[in-house]
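Below, chains carry the letters A, B, ... as their sequence lines are ordered, and counting in each starts from 1. This one's a predicted model, so the numbers in the text were calculated from it and none came from an experiment.
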Number of protein chains: 2
Amino acid sequence: MKTYSISEVAKELNLTTYTLRYYDKEGLLPFVERKANGTRIFNQSDIEALKIVECLKSTGMPIKEIKHFIDWCGEGDSTLQKRYDMFMERKACVEAQLEELKKTMEVIEHKCSYYKTALDAGTEDIHKNVHIAASLTK
Amino acid sequence: MKTYSISEVAKELNLTTYTLRYYDKEGLLPFVERKANGTRIFNQSDIEALKIVECLKSTGMPIKEIKHFIDWCGEGDSTLQKRYDMFMERKACVEAQLEELKKTMEVIEHKCSYYKTALDAGTEDIHKNVHIAASLTK
DNA sequence: TTAATCGTTATAGTTAACTCTAGGTCAAGT
DNA sequence: ACTTGACCTAGAGTTAACTATAACGATTAA
């Protein structure tokens, strides 16, 4: 089975070796094997697990909570409900984030067109006189 | 013209007075007026400006960069291009975030169904034997 | 008049997530 | 043999964005 060094994994996942060792220290990588001298040996499933860690992180989940999930995984079928509930909660959380981000996008797009108009006019004042301007072009 | 105290603004925007004073200290609220004794007086347009600050913050923009934008606003029409460019860049940034979040959502939803199946079966092993199971039901 | 409440500043403390340094081991190449 | 480079740990340092405290002033209700 193919194995990977810590720097290979770091490169693959766009992380640093510092970060990976930090994750390990925080208990996020209890499954990673070691050589006799202590060197970490990662395999493909370790990398897949790290991708889930990164996925949870990208939902805004703090590392301490991700550790709970990792712990549950090690406890077997008795924690299936907890893990299911966790992912359902993450789903709701991401849905809310998507909604928020869409609202943010609307504001940003409004600002883009605001500044486009101002830029074309050479002055922001164009927006102050918007009613007058509208009446003039009618 | 209606004015607002710092705690009223905090309540309205779901922030704390600490945060608002912190923003002020960081140069995000140079437009806020003061009473003779130093008390801040916010008006409606200050609140609107703060909503833009919050919008920029929700795109992941750091406070120091938001300050640049605030400074540009105070410098008038000579900075219109910079401000337009900034919002266009923010737009691209939010688009990228939306893409990322959609990918995250796919992974999370996959995990939800993974754990739903495991929960129904009472064991996670169901996924290890997925090929055998598939052949049995055929 | 005095106690509470709200405001102020300056400054210190907190938290999360890294990020780095020092000092060490070990295997490979010259 | 010795240098180079990748690995290790423990622990210190950094950064952003708050969050809290202390000490003070002004306003208001009892």
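In the hydrophobic clustering of this structure, B:Leu20 groups with B:Ile47; members are Ile, Leu, Val, Met, Phe, Trp, Tyr whose side-chain heavy atoms approach within less than 4.5 Å, directly or through other members.
Ring planes of B:Tyr114 and B:His127: parallel class, angle under 30° (limits at 30 and 60°). Relative orientation of the B:Phe69 and A:Tyr115 rings is perpendicular, given thresholds of 30° and 60° on the angle between their planes.
In terms of heavy atoms, A:Lys67 sits closest to A:Glu26 at CD-O, 3.1 Å. The two atoms that bring A:Ser58 and B:Thr104 nearest to each other are OG-OG1, 3.0 Å, heavy atoms only.
Nearest nucleotide to the B:Ile6 side chain, out of C:dC18, C:dT8, D:dA6: C:dT8. In the set D:dA16, D:dA6, C:dA17, the nucleotide with an atom closest to the side chain of A:Ser7 is D:dA6.
For residues 11-39 of chain A, proximity to DNA chain D is found at A:Arg21, A:Lys25, A:Arg34, A:Gly38, A:Thr39, defined as any non-hydrogen atom under 4.0 angstrom from a strand atom.
At whole-Å resolution of the value, OH in A:Tyr4 and P in D:dC7 are 15 Å apart. When the P atom of C:dA17 is taken as reference, atom NZ of A:Lys67 falls 14 Å away, rounded to whole Å.
Distances shorter than 4.0 Å separate none of the side-chain N or O atoms of B:Arg40 from OP1 or OP2 on C:dG7.
Residue B:Glu33 places its CD atom among 12 or fewer non-hydrogen atoms of other residues, nucleotides or ligands, all under 6.0 Å distant.
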